[in-house]
Structure formats: C-alpha cells, structure tokens
*Asks:* 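Here it is, the structure, as structure tokens.
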Amino acid sequence: MSESFYLTTPIYYVNAEPHIGHTYTSVVVDTMVRYHRLCGERSFFLTGTDEHGEKVLEVAEARGQSARRVAEHYSNLFRQTWDELGLSYDRFIRTTEPGHKSVVQGILQRVYDAGEIEFREYEGKYCVGCERFLTDRDLVDGRCRDHERAPEKRTEANYFFKMGNHFDWLTRHIEKHPDFIRPERYRNEVLAMLREESGLGGDLCISRPKSRLDWGIELPFDENYVCYVWFDALINYLTGIGYPDGPDFAEFWASAEHLIAKDILKPHAIFWPTMLRAIGLEPARHLNVHGYWNVDDRKVSKSLGNMISPLIMKEKYGFEVFRYFLLRDMAFGLDSNFSEELLVGRNNADLANNLGNLVSRSLNMTKRFANGRVPEPTESEGPESEVIAVAERAVAEVDVQMRAMRPQRALEAIFALVDASNRYLELREPWKAAKDAELAGRVDTTLYTCCEALRIIAILLSPFMPQSADEILRRLGIEGELDGAQLPQSASWGGIPPGSPTTKGAPLFPRVDLDAESE
RNA sequence: GGCGGUGUAGCUCAGUCGGUUAGAGCGGCGGCUUCAUAAGCCGUAGGUCGGCAGUUCGAGUCUGCCCACCGCUACCA
C-alpha cells in the first residue's frame, strides 16, 4: 500500500449555498482521508471554491456588488459550513488567490509554448440578450429560449486547447487502468464521450475576450483575454499541493485521487487528463464518481426549495446522524433518495437500537456485575471465538471497501460486528449468569468481550462518526485510544486493558419519533 | 436524434468466470427474553428476477427485439 493519500473535492462554485450534494461529496472525502490517516498514511484533503466566470458576474450585477465581493461571500459560507461541521480539510483553496493565478498562467504559457494552444476565429450564433454564443440546446425554433429572439451570426477569435491530440493516449490509459474511473459505469460513459468528442475535433475553448468577460485570470500571452472556466478551475488540484516545486508536490500528486459528482464527469475525465498530459504529468490514480441525491423523490433544485442545508440537519438531528445516513444510504456511484423519514429510520434502527443500545446494555452490565471496570477475561470458548472472528473480518473488510471507495459497504462490515455482539449477549445471558456464583468467570469474559468489541467498533467507526467514536471510547475509559492508533494493529483483538473504568452515560443516539415531533 | 445507464421480495439494494431449493437490511407478522434507548434474539415473508424470442445440457447472469424510467450531449455535488 502507498504511504500517502491525496484526495480532493471539486471546488464549489460560488453562486449558491452548500446543500446536501456538496455535503455528501465533502463528507465522503473527509471520511476517506480520516481512514487513511488512521492507517498511518500521510494524507492531504483539499477543498475550496471556484470563483471566476460568468455566473458570478451575473449574481454580482443582480446585487449591485462586485464579483469579488460575491465570491468572497459564498466562499466564506462554504468554509464556515465545513468548519462548523468539523470537516478535517488540510487546505481550502480559492481560485482568486494570487498564488493560483500564477500557477495557472505558468501552465497556460507552457502549453502555449508547446504549440498545444491555437488561436482562431469561429462563427457562431450570438444572443445579444445573453451576451454569449448559444448552443443548439439553447435554441427553441431557432430563437433564444430566454430572450425569444433570433441570435445573430457573429465571429469571435478565441484560444483553443487541442486536447484531441491526446485522445488516443487517454483511451489507452483508460483501457489499461480499468479502475481509473470508478465505478465502472462511468468508465464506459467516458469511453463513449471520447468517441463522440473525437468526431468533433477535440478542441476546448479556453478563453474569453475581456470585452465580454473580465472576471478571470488573464492569459499570459494575450492581455485581451481571460482564461475560461475549467482550465482555471481544474488546476486548483495542483496549486493546492504546491505545484510545481513545493516540497510535498511530487509525493502527493503520485497518490492523487479526485472525488466528484457525475455532472462534472467530462471535465474531469477528459479535459483534465489531457491538460495534465500536455504539461507532462500523470493523471490522478482514481477518478471517483458518485451519483445524485434526490430529496423526497424529487430532484434537488432551488425552485423546489428542497436543497437541504447541512446546518439545519445538524441542528435537528446532530451532524453525525446526518453524516451516517449519507454514507450508509448511498451506494457510491448510484443516485439515492433522502427524506427525513429515511434518516430517522436509519437513526432508530442502526444507531439507536443496534449500536447505541449495545453500548448501553454492555456498560450497564459492566457497572452492575463488574463494578464499572472492564473485567479480566478468564475463559474463551466458541461464542467468544465467533465474535473475535467477526471483528477480524470487519477490520479486513473495512479496508477492502474503503480502498474501493465504497463507504456504505464498509459501514455494513462494522455493523456486522455490532450485530454479532448483540447476538453474543443473548447467547451468554450475563444477566442470568450473574445470579450464579459459579459462572462469575464467564460473566467477566462476556463483559470483557463486549467492551473489547465496542473498542474495535469505535476505532473502525471513527472516520465515519469521529465524535461518537470518541464518546464510546471515553465511556470505555480509554479516552486517548485514537492518539497514535494505527490500523490494522490497533484494532486487533485484546487491546482493551482490564480494569479500565467505564461510564454508562445517557443514550448515545436517542430514538426519534417523527410523529411526536410534528405535533 | 445520438450515446450511456437502470428495471430482482412492500421499501432500499446484493447477486462473482452462466450451474444445486434466487439473497441481505428495513418494514410487516408470529414467538422467546428482560441486561438495555418499549431496545435485543429466533422464526417467517412463497418475488413470472420489466416483456418476448434465442444461444446453451442449463440464464437474473450471454444475444436480439420491445416496453418503462433516468442521465449525458461543453461549465449546478
């Protein structure tokens, strides 16, 4: 296994507030990075905001503010939200940072010098109302759908990146590395896109004349133009780790992974690898693509007002419950549905009844039958071996699933240990055995086994629900357990010290009654 | 239109290279239990694996056609 791990979120566009989709992306990255840190890998979590382009200008004009101010406002909103949710990013990058500007200009110059950027005129249908060229999709009966007027023919000169030069290489790369784009469904889609793009010539327009748009990074070889969109935005992944000659750049880039939602597949799967190729860098190790969240079975949209603010979810249910739901209910890559009913169902079934209650019953009996201290195990028989086997399987399975970018499967593996522990208690019935003095040793073993299972559960769960994991460990009397912990060794059986003072505490995850709540 | 995807128990989904009685979780139902957050455990659910045809000794699992839904077709996670 590699000793470092670099994972990025997309940089979020600064024309809207963070919603469930942004939150999911960021939470998956946070969880993955926490896991890799727990494995002792040197890890880097990059996120940030994409602040240039037309749409920011539109918002700015509508508000009578400067583009810079609008960008600043939303950028702060994203950063403050992630801070309040406790996401452990290492760097929050903004495309308006001077450092990013010089990296982008350096790369543009290099690609230009290499002859991969071409200047030429093209003719298109320009809508004066929109102040931009229209695509066929924008037209209804030959008229602009927004302004209901026929576009005029206009020519404009722009710079084009000849990414088509690298399509053959990219196709081979994708074929040679079957998991470069994962899950597989998106790989197929990209291969199809490549065939289609090839037919179109494979040029990417990367400039806008300042006369039309001046909110962007100036082209180093032509002061009349700014760099347009993706060329500016994608490069953040390099700037973020110190390209070109920062001390950590080479190490982290060699282990780079991107995580995106499916809507920006094309820029990441086609534009970005070809851009990297043009400057002599390898593509990222993996491009991980997830699906969309629907809310109450409908698409998320501003007009429906169903954006789902993570801060409101935090206030209502606690962020870790929301986070658990997101990670547990979406099969990575597929679309999924969110509703408060589903969230509450997960909370009650998995968190309250299974995990929370296991903590309660285990620690309550440790208090009653073992004076509130983790007892010394005396014997180990079949039932204990079974729990140990499930624990060992969980550690191994979590690793496999996390490295395959399947957080929901990893959680299933952890909860298999929760279930096994609950079953184990039924089998051993310590509440009965405690009444028989001859079975005292067995009660000790039973409670030890439960406490140790909980320790392992908490360690494995810590990337997913860091605060809840800390709380379980605190109640087990081993508060600093995660300091310096490293998987898989730290989760091997037998790590909890007998004699550790336990605390029962209030229900870790209270059940939620939706009916009662709405009254 | 083109390209891609999806359609398996009430719900959400697993089903590896085609092979014995098609699986899991949730919900529902029945029972056991009382340490615990009225939690837990055990047992159940008889689903034409979207439809039709084909390949095969044998198909949810491969091929063709059809139906339904969804996504992409240059800038919303």
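Here is the naming used below: chain letters follow the sequence lines, and residue numbers restart at 1 for every chain. Please read these numbers as outputs of a predicted model, since none were measured by experiment.
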*Asks:* Looking only at heavy atoms, which two atoms of A/E51 and A/T95 are closest? And how far apart?
*Replies:* N-OG1, 2.8 Å
*Asks:* Less than 3.5 Å apart, any donor N or O on the side chain of A/Q408 or A/R328 sitting next to an acceptor on the other?
*Replies:*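 Absent: no donor and acceptor within the cut-off.
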*Asks:* Which is true for A/A352 with a 4.0 Å heavy-atom rule: it touches a base, it touches only sugar-phosphate, or it touches nothing?
*Replies:* base
*Asks:* Which part of the nucleic acid does A/Y186 contact within heavy-atom distance under 4.0 Å: base, sugar-phosphate only, or nothing?
*Replies:*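 No contact.
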*Asks:* Which nucleotide, if any, forms a Watson-Crick or G-U wobble pair with B/A74, using both distances under 3.5 Å?
*Replies:* none
*Asks:* Taking pairing as Watson-Crick or G-U wobble with both contacts under 3.5 Å, can you name the mate of B/G23, or confirm there isn't one?
*Replies:*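 Pairing partner, where one exists within any strand: B/C13.
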*Asks:* Between the base of B/C76 and the side chain of A/Y12, is there a donor and acceptor pair under 3.5 angstrom?
*Replies:*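 No, no donor-acceptor pair under 3.5 Å.
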*Asks:* If we check side-chain hydrogen bond (donor to acceptor under 3.5 Å, both in side chains) with A/N288, which of these qualifies: A/H258, A/H268, A/E257?
*Replies:* A/E257
*Asks:* Would you mind telling me which residue lines up with the more 5' stretch of RNA chain B, A/D335 or A/L351, judged by nearest nucleotide?
*Replies:*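 Comparing both residues, the 5'-ward one is A/D335.
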*Asks:* Can you identify which nucleotide, out of B/A36, B/G40, B/C75, has its nearest atom closest to the A/R368 side chain?
*Replies:*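 Comparing B/A36, B/G40, B/C75 against the side chain of A/R368, the answer is B/A36.
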*Asks:* Mind checking if A/G345 touches a base, just sugar-phosphate, or nothing, with heavy atoms under 4.0 Å?
*Replies:* nothing
*Asks:* Could you let me know what B/A38 is paired to, Watson-Crick or G-U wobble, both distances under 3.5 Å, or none if it's on its own?
*Replies:*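 Looking at the geometry, B/A38 pairs with no nucleotide.
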*Asks:* Where the side chain of A/E426 is defined as all heavy atoms beyond and including C-beta, which of B/A77, B/G71, B/C41 is the nearest nucleotide?
*Replies:*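 When the side chain of A/E426 is considered, B/C41 is the closest of B/A77, B/G71, B/C41.
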*Asks:* With a non-hydrogen cut-off below 4.0 angstrom, is A/K504 in contact with a base, only sugar-phosphate, or nothing?
*Replies:*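 Sugar-phosphate only.
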*Asks:* Could you please name the partner base of B/G18, counting Watson-Crick and G-U wobble pairs only when both distances are under 3.5 Å?
*Replies:*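 Base partner found: none.
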*Asks:* Check this one for me: any side-chain N or O of A/K55 less than 4.0 Å away from OP1 or OP2 of B/C76?
*Replies:*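 Yes, because at least one side-chain N or O of A/K55 sits under 4.0 Å from OP1 or OP2 of B/C76.
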*Asks:* Select base, sugar-phosphate, or nothing to describe what A/I264 touches, counting heavy atoms under 4.0 Å on all strands.
*Replies:* sugar-phosphate
*Asks:* Base, sugar-phosphate or nothing for A/P267? Non-hydrogen atoms, less than 4.0 Å.
*Replies:*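 The answer is nothing, as A/P267 stays clear of every strand by at least 4.0 Å.
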*Asks:* Does any nucleotide pair with B/U6 by Watson-Crick or G-U wobble geometry, both distances under 3.5 Å, and what is it?
*Replies:* B/A68
*Asks:* When both hydrogen-bonding distances must be under 3.5 Å and the geometry is Watson-Crick or G-U wobble, what is B/G28 paired with, if anything?
*Replies:*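 Paired with B/U44.
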*Asks:* Hey, does the side-chain of A/N353 have a donor or acceptor N/O within less than 3.5 Å of a partner on the base of B/A39?
*Replies:*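 For A/N353, whose side chain was compared with the base of B/A39, there is no donor-acceptor pair (under 3.5 Å).
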*Asks:* Identify whether NZ of Lys or CZ of Arg in A/R323 sits under 6.0 Å from the centre of the six-membered ring of A/F464 and within 45° of that ring's axis.
*Replies:* no
*Asks:* Need one value for A/Y292: base, sugar-phosphate or nothing, where a base atom within 4.0 Å counts as base even if backbone is also close, heavy atoms only.
*Replies:*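 Since a base atom lies under 4.0 Å of A/Y292, the category is base.
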*Asks:* Cationic tip of A/R79 within the cone over A/F92's six-membered ring, i.e. under 6.0 Å and within 45° of the normal?
*Replies:*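 Yes.
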*Asks:* What's the closest nucleotide to the side chain of A/R423 if the choices are B/C35, B/C42, B/U37?
*Replies:*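 The nucleotide sitting nearest to the side chain is B/C42.
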*Asks:* Using a cut-off of 4.0 Å on non-hydrogen atoms, how would the nucleic acid contact of A/R511 be classed: base, sugar-phosphate, or nothing?
*Replies:* base
*Asks:* Does a nitrogen or oxygen in the side chain of A/N337 sit under 4.0 Å from OP1 or OP2 of B/U12?
*Replies:*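 No, A/N337 has no side-chain N/O under 4.0 Å of OP1/OP2 on B/U12.
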*Asks:* Starting at the 5' end of RNA chain B and moving along, which residue's nearest nucleotide shows up first, A/N364 or A/L334?
*Replies:* A/L334
*Asks:* Reckon A/Y13 touches a base, only the sugar-phosphate, or nothing at all at heavy-atom distances under 4.0 Å?
*Replies:* sugar-phosphate
*Asks:* Are A/V226 and A/S207 side-chain neighbours, meaning at least one heavy-atom pair lies under 4.5 Å?
*Replies:* no
*Asks:* Could you check A/C450, A/P501, A/C451 and say which one makes a side chain to side chain contact (heavy atoms under 4.5 Å, CB included) with A/T366?
*Replies:*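 Answer to the side chain to side chain contact (heavy atoms under 4.5 Å, CB included) test with A/T366 among A/C450, A/P501, A/C451: A/C451.
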*Asks:* What nucleotide, of B/U34, B/C26, B/G40, holds the atom closest to the side chain of A/R361?
*Replies:*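 In terms of side-chain proximity for A/R361, the closest of B/U34, B/C26, B/G40 is B/G40.
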*Asks:* A/H19 has a side chain; which of B/C76, B/A14, B/G4 sits nearest to it?
*Replies:* B/C76
*Asks:* Tell me the partner of B/A53, counting only Watson-Crick (N1-N3 plus N6-O4 or O6-N4) or G-U wobble (N1-O2 and O6-N3) with both under 3.5 Å; none if nothing fits.
*Replies:*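 In the structure as shown, B/A53 has B/U63 as its Watson-Crick or wobble partner.
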*Asks:* By the 4.0 Å heavy-atom rule, please label A/R208 as base, sugar-phosphate, or nothing.
*Replies:*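 Base, at least one base atom sits under 4.0 Å.
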*Asks:* Considering Watson-Crick and G-U wobble pairs with both distances under 3.5 Å, what does B/G58 pair with?
*Replies:* none
*Asks:* Classify A/D350 by what it touches in the nucleic acid, base, sugar-phosphate, or nothing, heavy-atom distance under 4.0 Å.
*Replies:*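 Answer is nothing: A/D350 stays at 4.0 Å or more from every strand.
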